[in-house]
Amino acid sequence: MKRFCLSAMLLAITLLAACAPAASQAHTATLFAMDTVMDLSAYGEQGEIALDNAQDLIRELEGLLSTTREGSEIYALNHGETVALSPSTRELLDRALALCGDTGGALDITIYPVVRAWGFTTEEYQVPDSQTLTALLDKVDYTQITLEGDSLLLPDGMELDLGAVAKGYTGDRLMELFRQSEIASAYVNLGGNVQVLGASPDGDPWRIGIRDPDGEGYAAVVEVTDRAVVTSGAYERYFEQGGVRYGHIIDPDTGYPARSGLISVTIVSQSGTLADGLSTALFVMGKDRAVQFWRTRDDFDFILIEEDGTVTISQGIENSFSFPGEQGSYALEVVRR
């Protein structure tokens, strides 16, 4: 028997309703883009105009970066066409390839054919046979991509998917737009990718709830200012076959869903692109490699939730992290440099 469950991405991370600020005029917008519902809020006199421009920007980026939309630059590249890359696509590809290298391939933007073979792009879920995966993995190697100027050379049979970084990049671009519009306080939830500008209008940090992967409600709360908060988890999208659950986060080394002992990874960073990409990469790495990787950098913090109920956080968010209400079944561990 095969069963599929798609948890609402909006619930993975969200602004806690109890702290929704009311000290300044709020302008809000909701749209469906990049295969998810997006909620945008901007505070102040220019908020309405800023949100109109923000929605235009989201549509523009979706039109460039979509893997499945005919006419997008990524779609064209995947179908063997020569494309003069737009500045936005070029910038994101450059950042994404750097992240692939930094993570040693735990993030690999050429994984798309393998993800498709599992049915996660079409909702026709299946467990591919080993021969199929072996053949597909021969085409998974970000190091074979050549990015020069506004051109990208993609080997035959290789396909790109920027889904692990596109919403994070969009969040970064929205923050830039809000700053240019003289918005001092803003909040966006791009289908689970939360990013905030400044503090909340009442001057306090934004309180972001991290979904409990084992049930309803929140496992944790983190307070942030000028940060992106992005979560990846096996509970978000999966199917079951033969009594085995298969999650959508694929390990580029094996071609199978990652089984790292982690069930949820949240990244907190000034960069939405970085947070988005690392939430996937650290999930693939597992706790030990993730902690080791964090110790080599100073541009992000994390919340790792393991299958055994252990919650591990990095020291940079120790004073802004809390459990909502009772700690419950989770055990907290803080790692330091």
Side-chain angles (χ1 to χ4, degrees), residues 9 33-36 38 40 53-79 81-103 105-113 115 121 140-155 158-180 188 190-195 197 227-230 232 249 252 267 269-282 297 299-300:
M9 291 291 290
M34 299 183 179
D35 295 322
T36 192
M38 299 183 172
L40 317 176
N53 293 334
Q55 292 176 81
D56 290 342
L57 175 59
I58 290 170
R59 299 294 188 196
E60 175 188 339
L61 293 176
E62 181 181 35
L64 294 173
L65 306 174
S66 172
T67 304
T68 57
R69 176 179 289 191
E70 293 187 27
S72 82
E73 293 182 3
I74 300 303
Y75 184 93
L77 288 168
N78 285 348
H79 287 77
E81 298 180 28
T82 300
V83 178
L85 300 176
S86 65
S88 295
T89 303
R90 174 65 171 79
E91 180 181 37
L92 180 54
L93 281 168
D94 189 56
R95 293 187 188 181
L97 288 170
L99 268 175
C100 291
D102 290 347
T103 61
L107 176 71
D108 194 318
I109 61 173
T110 65
I111 196 67
Y112 183 66
V115 176
T121 63
V140 177
D141 185 358
Y142 70 93
T143 67
Q144 299 303 308
I145 297 173
T146 301
L147 183 61
E148 295 180 350
D150 65 354
S151 298
L152 181 140
L153 299 179
L154 198 62
M158 189 172 287
E159 294 179 78
L160 299 173
D161 182 5
L162 296 179
V165 289
K167 288 191 295 181
Y169 176 73
T170 300
D172 286 336
R173 292 288 302 275
L174 291 174
M175 297 302 111
E176 292 175 7
L177 184 154
F178 290 148
R179 290 188 184 95
Q180 292 170 2
V188 299
L190 309 182
N193 282 47
V194 168
Q195 196 154 353
L197 175 66
R227 290 291 185 274
V229 183
V230 181
S232 290
I249 301 175
I267 303 297
S269 174
Q270 285 187 313
S271 167
T273 308
L274 181 73
D276 205 4
L278 289 187
S279 69
T280 297
L282 268 61
R297 304 175 68 105
D299 52 1
F300 75 95

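All residue numbers refer to positions in the sequence shown, counting from 1.
- The minimum heavy-atom distance linking Thr36 with Gly191 is given by the pair OG1-CA, 3.2 Å.
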>> Let's go through Phe300 and Leu282 carefully: what are the C-alpha distance in whole Å and the side-chain angles of both, what is the deciding distance for side chain to side chain contact (heavy atoms under 4.5 Å, CB included) to 0.1 Å, and is it a yes or a no?
In response: CA-CA 12 Å; Phe300 75 95; Leu282 268 61; 3.9 Å; yes
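- Between Leu162 and Ala96, the closest heavy-atom pair is CD2-CB, 4.2 Å.
- Ser269 contributes a side-chain N or O that, together with a main-chain N or O of Asp299, makes up a donor-acceptor pair within less than 3.5 Å.
- Side-chain atoms of Lys167 never come within 3.5 Å of backbone atoms of Asn193 as a donor-acceptor pair (strictly under, hydrogens ignored).
- Residues Ala228 and Gly272 come closest through the heavy atom pair CB-CA, 3.6 Å.
- Side-chain atoms of Glu73 do not come within 3.5 Å of backbone N or O of Thr89 as any donor-acceptor pair.
- When all heavy atoms of Arg59 and Ala33 are compared, the pair lying nearest together is NH1-CB, 3.6 Å.
- Panel note: side chain Thr170, backbone Ala166; a donor-acceptor pair is recorded below 3.5 Å.
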> Would Met158 and Ile145 count as a side chain to side chain contact (heavy atoms under 4.5 Å, CB included) if you check the C-alpha gap in whole Å, the side-chain angles of each, and the deciding distance to 0.1 Å?
Replying inline: CA-CA 9 Å; Met158 189 172 287; Ile145 297 173; 4.1 Å; yes
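- Pairing each heavy atom of Ala76 with each of Val83, the nearest pair is CB-CG2, 3.5 Å.
- In this structure, the side chains of Leu93 and Ile109 come closer than 4.5 Å at one or more pairs of heavy atoms.
- Within the 4.5 Å cutoff, the side chain of Leu40 has heavy atoms near those of the Leu190 side chain.
- Annotation: side chain of Thr67 is not in contact with side chain of Glu159 (no heavy-atom distance under 4.5 Å).
- Here the side chain of Asn78 pairs a donor or acceptor atom with the backbone of Leu160 at under 3.5 angstrom.
- The closest donor-acceptor contact from the side chain of Arg69 to the backbone of Tyr75 lies at 3.5 Å or more, if one exists at all.
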>> Does Leu107 form a side chain to side chain contact (heavy atoms under 4.5 Å, CB included) with Leu278? I'd like the steps, not just the answer.
In response: CA-CA 8 Å; Leu107 176 71; Leu278 289 187; over 6 Å; no
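- Between Phe178 and Val188, some side-chain heavy-atom pair lies under the 4.5 Å cut-off.
- Going from atom CG of Asp108 over to atom OH of Tyr142 covers 7.0 Å, rounded to the nearest 0.5 Å.
- Leu57 has its side chain out of reach of Asn53: every pair of non-hydrogen atoms, C-beta onward, lies at least 4.5 Å apart.
- Atom CD of residue Gln195 and atom CD of residue Gln270 lie 10.0 Å apart, to the nearest 0.5 angstrom.
- At least one side-chain heavy atom of Leu174 sits less than 4.5 Å from a side-chain heavy atom of Ile58.
- Side-chain atoms of Ser88 and Arg173 include a donor-acceptor pair closer than 3.5 Å.
- For Gln55, the CD atom is densely surrounded, since the number of other residues' heavy atoms within 6.0 Å is greater than 12.
- Of the options Arg95, Arg179, Arg227, a salt bridge (Lys or Arg N to Asp or Glu O under 4.0 Å) to Asp172 is made by Arg95 and by none of the others.
- The distance from atom CZ of Arg297 to atom CG of Asp102, rounded to the nearest 0.5 Å, is 4.5 Å.
- The line from CG of Leu61 to OG of Ser86 is 8.5 Å long, rounded to the nearest 0.5 Å.
- The nearest pair of heavy atoms linking Gly168 to Asp276 is N-OD2, 2.9 Å.
- One finds the OG atom of Ser279 at 9.5 Å from the CG atom of Leu274 (value rounded to the nearest 0.5 Å).
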>> Using the rule given for side chain to side chain contact (heavy atoms under 4.5 Å, CB included), can you reason through Thr121 versus Thr68, listing the C-alpha separation, both sets of side-chain angles and the distance that settles it, and then say yes or no?
In response: CA-CA 9 Å; Thr121 63; Thr68 57; 5.7 Å; no
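- The distance from the CG atom of Asp150 to the CZ atom of Arg90 is 8.5 Å, given to the nearest 0.5 Å.
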